[in-house]
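Let me begin by presenting the structure, written as structure tokens, before commenting on it.
In what follows, every chain begins at residue 1, and chains take the letters A, B, ... in the order their sequences are listed.
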Amino acid sequence: MKPAYEDPTPPPWDCACGKELEKRRVVLTYMGNEFTVELYQCPSCRFVYVPEDLALGKMAEVEKILEDK
Amino acid sequence: MSGPPGLYEQEALWKVTGEVVRPGGLEMTDRLVELCGFRAGDRVLDAGCGAGAAVERLRSRGLKALGIDPSEVLLEKARRRFRNKDDLLEPEASFSPPFARAAAEALPFPDACLQGVLCECVLSLTDSMEGALKELHRVLAPGGSLGVTDVYASLPRDPAREPPWPVRCCLQGAVTRREVEAKMRQAGFEVLVWEDRTQALKELAARLVWAFGSLEGFWNSVCPEPGETGLTRRASEGRPGYYLLVARKVGSDF
Amino acid sequence: MDQKELRELEKRCIQEEPPWCAAACPLHVDARSFAGCMSRGDWEGARKVLEKAMPFPGVFGRVCDHPCQEKCKRGEAGDPVAIGALERACVQAVSSQAPVRALPSRGRSVAVMGGGPAALVVAWDLARKGYGVEMRVRRNELGGTLRDFPANLLPPEVVREETDVLLQLGVEVHAGCSLDGALLEELRGRRDAVFIEVEDDIGEGWGLERDEKGGILADERTRATSLPGVFAGGGSRESVILAAARGRWAATSMDRHLQGVSPTAGREKEGPCETRLFTSLEGVDALPVVPPADPAQGYGREEAMEEAARCLQCQCLECVKICPYLERFGGYPKRYAREIYNNESIVMGERKGNLLVNSCSLCRLCEEVCPENFSMADLCHAARESMVSRGKMPPSAHEFALRDMAFSNGEKCALFRSQPGHPSSAYLFFPGCQLSASAPHRVERVYEGLCSSLEGGVGLALGCCGAPARWAARNDLLHEALEAFKGRWEAMGKPKILVACPSCYQVFKEKLPQAPATFLWEVLETTLEPLEAAQPLRQVALHDPCAARHEPDLLDTVRRLLQRRGFDVEELKTGGVLTECCGYGGLMANANPPVARAVVERRAGETSRGFVTYCAMCRDRLARAGKPALHLLDALLEGVDTEEAAGRKPPGYSQRRENRARLKRSLLKTLWGEEEDVAVEEHESVVVRMEPDLEELLEDRRILAEDLRHVIHEAEKRGRKLVHRETGRFLAAFKPAAVTYWVEYSPSEDGFTVHNAYSHRMEVLERGPR
């Protein structure tokens with residue numbers, strides 16, 4: 001299934017373990033809803049990078065929509 | 001069909017929803033099939049079949065499925081889908097091709113010829129819900145099943161009194177549960193199941209936010225005239241929810 | 001709150017009550033909207049307004065005897081608006097706006113005896129409803145007594161033109177008839193109902209009961225006579241508009257009679273009635289009428305606009321005028337009650353509805369200014385309780401405040417001790433969580449003072465009374481906090497509780513009535529030594545915290561104390577029982593920061609002076625809004641530089657927690673000689689620094705220093721972090737509870753420097769879709 005969102009820009013961050021972050025499919029979940037998105041993730045540590053503008057922008061919007069039951 | 005374009009015809013929306021341009025996707029279709037209790041070989045119409053994903057699903061479950069839709073654009077996609085899947089076309093199908101251009105208010109079928117009709121996210125799009133239900137009633141065999149998913153309004157509203165939307169969508173025609181059930185009864189249906197599926201609508205809204213940044217951004221992308229559409233506000237007036245309903249053909253007031 | 005209670009509450013808001021003009025008008029013509037249109041030069045719109053309620057506007061607009069003007073509220077501030085003259089001008093200049101439409105024929109018909117105002121209205125109303133109408137008139141043409149008006153006032157051609165519309169509707173008109181008892185019988189036989197226009201000697205000897213004035217006896221409202229199916233009305237010589245209205249009421253009755261439905265149901269508001277509307281005349285200058293330059297010609301465009309602009313456009317909106325929260329949502333309480341009521345009775349909540357419910361500060365000012373004491377607090381709090389009980393409260397609305405409350409009642413900050421050397425306590429000092437957070441040194445000093453001046457032992461309890469839980473309608477958490485408190489209070493011998501904070505007082509008063517609380521200030525009044533005047537700042541405005549609204553003794557005590565200390569106190573117009581909230585109450589600042597900001601800024605702007613107040617949150621919020629602000633303790637304690645104290649920058653969220661914890665540690669050590677043996681969590685020892693700008697930003701984002709430490713500690717411990725390719729800074733994330741925090745930082749000499757931080761609630765799973 002097509003991801004709900006794809007991070008468009010390669011980030012200026014590398015993982016502390018030395019590896020470059022790769023675009024991968026991960027799952028975001030809130031209040032019982034799951035969304036598949038493509039974010040940058042370290043292939044070995046599996047740490048996912050959530051950019052600030054995503055967290056404060058679309059993520060926050062979606063959180064509000066899901067919270068207001 | 002004249003008038004403003006349909007929301008369900010907008011590519012911007014397909015990019016988010018995929019082929020099944022409505023909340024809940026094919027899981028809703030499966031649920032309807034389950035509740036309607038269809039048997040293999042039953043003739044089931046998908047009224048408002050769009051690009052044919054649900055018809056394909058129904059066929060894969062052994063039903064003699066067919067579809068109608070007023071949108072030529074989407075029907076083309078549906079026909080192409082089946083052209084590439086010859087194994088699903090049964091040579092002995094009595095209705096072929098399985099897609100026809102028609103609206104729910106004027107179905108090109110004889111009376112009482114179908115065991116089931118599915119009407120997913122369609123009724124509130126019709127020009128006349130009463131007219132559509134009357135037709136659906138007509139083409140169903142006695143005891144036949146009607147499976148519906150659609151938006152509904154939690155607060156009473158009168159769609160006729162509002163200015164038309166720049167893009168036609170089901171939210172425009174949403175009415176309350178009470179009204180839906182009353183219209184069903186008037187058309188000669190007995191409502192057997194009502195399930196609230198508003199979560200699916202919320203999830204679709206969330207996906208639109210993911211794709212467009214905000215609901216305002218989404219409406220701007222799908223409206224022919226960009227700019228202040230006021231649709232974000234209008235879409236939430238009446239507090240839309242989503243429901244799943246199964247009804248059976250009984251008598252009629254007509 | 002059940003539906004019935006909600007309906008009762010909704011009724012109290014009078015905003016939708018009709019203005020006096022419309023209420024006095026027998027037809028309820030909306031003269032307010034009419035005047036509004038006229039004042040804007042919109043004569044077509046004005047005519048449309050008239051047409052809604054007034055039949056034959058060309059006629060009645062010219063000759064109406066305007067009972068509305070007698071009741072016009074503008075008449076209390078100058079001359080009443082010349083509504084009659086304005087209507088005349090309007091209908092003279094503008095012709096009919098609405099097309100004439102009739103319902104399909106019902107196959108029933110009625111007869112009308114008479115052709116005057118009442119009769120015409122009956123014919124008009126019933127013809128449009130699809131009834132056949134036969135009119136029998138005495139004169140040669142329609143109009144009856146209308147034809148007796150001077151021609152310059154009501155030209156005969158106007159009457160003919162207007163009444164022609166009846167012919168268009170298919171009304172059968174028989175002119176030159178003799179109206180008598182025989183005709184009545186004949187019409188009763190042929191038609192389904194009959195209306196008789198009562199003028200002069202009509203009806204004598206027709207078999208109808210007479211009234212004491214000698215006219216036909218008819219019910220004032222239904223116009224029913226003693227004969228079934230026969231209705232009567234008129235009286236145009238006294239009031240032409242009343243005659244027209246009687247015609248309308250008769251038509252309604254006849255319609256109902258023919259349908260076999262109740263003649264009276266739902267007709268309570270028909271006819272001239274009272275209105276519960278309230279309109280303040282404060283600040284309204286008395287204005288005389290603007291007369292037309294040429295009385296014979298009537299009002300011209302410009303003059304009409306000027307005269308119509310004198311209309312007050314009567315509204316209530318008293319509460320909206322005074323509360324930025326009520327104003328922000330663009331409505332008024334009745335509408336809000338309906339919205340919340342609808343939100344209540346359906347499964348799905350809409351975002352605006354929840355925000356509306358959670359943004360009220362519960363300060364009860366609206367109750368005070370509303371002529372009918374409408375209470376947004378009762379409405380919103382009940383709605384919150386309902387949302388919580390149904391699991392519909394959005395988690396992010398109050399979470400931060402409840403976390404803070406839990407911290408105040410947690411190990412690090414909570415304290416419950418008897419005075420050192422006193423096994424029992426006659427008193428228990430409860431400063432409250434915000435005073436401890438904002439001014440811990442003052443708390444220490446006050447406690448020490450109480451210990452030396454009161455007999456019998458003064459205990460100390462540090463913690464939160466549970467007010468945040470109460471505001472958030474989390475009765476479970478409130479109950480928990482109060483039960484814990486009650487247990488210890490009982491074990492201490494049920495001492496008299498001394499509270500500094502009016503909100504704490506309200507919680508104890510309502511929820512723990514068996515534990516009576518007294519205000520610290522009342523005790524201080526008796527125990528404080530004679531004081532010199534405070535230095536150097538003494539000119540202040542007094543801000544009463546909203547929880548003090550209904551505590552007259554407290555309001556007086558505070559004023560006396562300030563006076564003793566030589567303060568020159570400015571009383572605010574909205575002070576005392578009318579005091580405004582600072583934006584903290586009801587967790588407004590938590591749920592809706594922009595509205596809370598508007599609220600405190602409004603308050604701050606009401607005086608050029610600095611403030612003195614006696615709630616720590618009020619003090620801190622006013623200070624944050626840029627005003628010098630004293631807490632009452634700053635004003636009363638000896639040796640305090642009041643200018644400096646008023647200028648003190650309020651502590652941020654992280655500092656507040658730090659202060660509470662330090663207060664406990666400090667007191668335990670200095671008074672009870674104990675070193676706290678609380679395990680310090682590893683992450684607490686991490687040292688973080690940041691620029692002041694960033695501190696502000698993190699304050700807005702509600703990210704605490706503790707959260708930053710937690711993230712950095714975890715990242716460093718596990719080595720799990722990102723590195724910026726150019727700057728070499730680190731970026732890490734951690735989710736201690738519900739929220740994931742991200743921190744951008746770099747190592748410094750003694751710890752770490754934080755460059756940025758943000759958060760989200762959505763959880764990131766590190767796996768792909770299954």
Side-chain angles (χ1 to χ4, degrees), chain A, chain C residues 343 346-358 387 390-397 399 697 700-701 715-716 718-735 738-744 755-770:
Chain A
M1 185 161 96
K2 197 167 159 308
Y5 171 81
E6 293 171 39
D7 192 347
T9 27
W13 303 92
D14 292 322
C15 188
C17 71
K19 291 243 175 358
E20 265 184 42
L21 303 183
E22 287 172 11
K23 206 159 160 195
R24 282 171 169 225
R25 293 199 172 187
V26 294
V27 172
L28 300 178
T29 171
Y30 191 55
M31 310 218 65
N33 295 269
E34 282 195 4
F35 305 95
T36 303
V37 297
E38 269 189 18
L39 296 177
Y40 283 88
Q41 180 179 37
C42 173
S44 83
C45 306
R46 314 237 282 164
F47 187 59
V48 177
Y49 168 56
V50 176
E52 181 178 8
D53 57 347
L54 182 69
L56 300 179
K58 294 185 182 185
M59 256 188 176
E61 274 298 309
V62 172
E63 285 167 13
K64 280 198 205 113
I65 285 185
L66 296 175
E67 261 189 7
D68 284 303
K69 286 182 277 180
Chain C
N343 207 13
I346 54 162
V347 172
M348 202 183 123
E350 197 262 342
R351 200 139 73 83
K352 185 171 159 225
N354 288 343
L355 194 59
L356 179 68
V357 166
N358 286 328
M387 280 160 74
R390 287 179 295 124
K392 303 289 181 202
M393 178 64 80
S396 55
E399 202 181 69
L697 180 66
D700 280 340
R701 290 184 177 180
E716 293 297 300
R718 306 205 285 151
R720 211 159 187 264
K721 56 194 172 180
L722 302 178
V723 185
H724 199 276
R725 229 169 274 145
E726 272 147 51
T727 64
R729 290 177 179 178
F730 298 129
L731 179 62
F734 184 58
K735 183 175 191 272
V739 176
T740 303
Y741 298 98
W742 286 79
V743 181
E744 187 183 331
H755 307 289
N756 191 18
Y758 53 94
S759 70
H760 54 83
R761 303 179 69 92
M762 200 165 280
E763 198 178 340
V764 182
L765 303 181
E766 290 176 350
R767 59 160 176 84
R770 294 203 210 280

Are [X] and [Y] packed together at the side-chain level, in the sense that at least one heavy-atom pair is separated by less than 4.5 angstrom?
X         : Y         : answer
Glu52(A)  : Trp742(C) : no
Trp13(A)  : Glu744(C) : yes
Pro769(C) : Arg25(A)  : yes

* Exercise: identify the closest heavy-atom pair between Leu765(C) and Val26(A) -> O-CB, 3.5 Å

* To do: Report, by ascending residue number, the residues of residues 53-60 of chain A in heavy-atom contact with chain C at a distance under 4.5 Å; give 'none' if the set is empty.
  => Ala55(A), Leu56(A), Met59(A)

* Under 3.5 Å, is there a donor-acceptor pair between the Ser396(C) and Glu63(A) side chains? -> no

In terms of heavy-atom pairs under 4.5 Å, which option from [options] contacts chain A the most?
options                                    : answer
Val764(C), Asn756(C), Leu731(C), Thr740(C) : Leu731(C)
Arg729(C), Arg720(C), Lys721(C)            : Arg720(C)
His760(C), Arg725(C), Glu726(C)            : Arg725(C)
Ala397(C), Gly768(C), Gly719(C), Pro395(C) : Pro395(C)

Side chain / backbone / both / neither for [X] at chain C, heavy atoms under 4.5 Å:
X        : value
Val37(A) : neither
Arg24(A) : neither
Leu21(A) : side chain
Glu38(A) : neither

* To do: Sort out for me which of Leu28(A), Thr29(A), Val48(A) touches chain C most, counting heavy-atom pairs under 4.5 Å.
  => Thr29(A)

Can you tell me how far the [atom1] atom of [X] sits from the [atom2] atom of [Y], to the nearest 0.5 Å?
X         : Y         : atom1 : atom2 : answer
Lys64(A)  : Leu355(C) : NZ    : CG    : 9.5 Å
Met393(C) : Glu67(A)  : CE    : CD    : 11.0 Å
Met762(C) : Met31(A)  : CE    : CE    : 10.5 Å

* Hey, is NZ on Lys23(A) packed in by over 12 heavy atoms from elsewhere, all under 6.0 Å? -> yes

* Asked: Of the backbone (N, CA, C, O) and the side chain (C-beta and beyond), which part of Ala715(C) lies under 4.5 Å from a heavy atom of chain A, both, or neither?
  -> neither

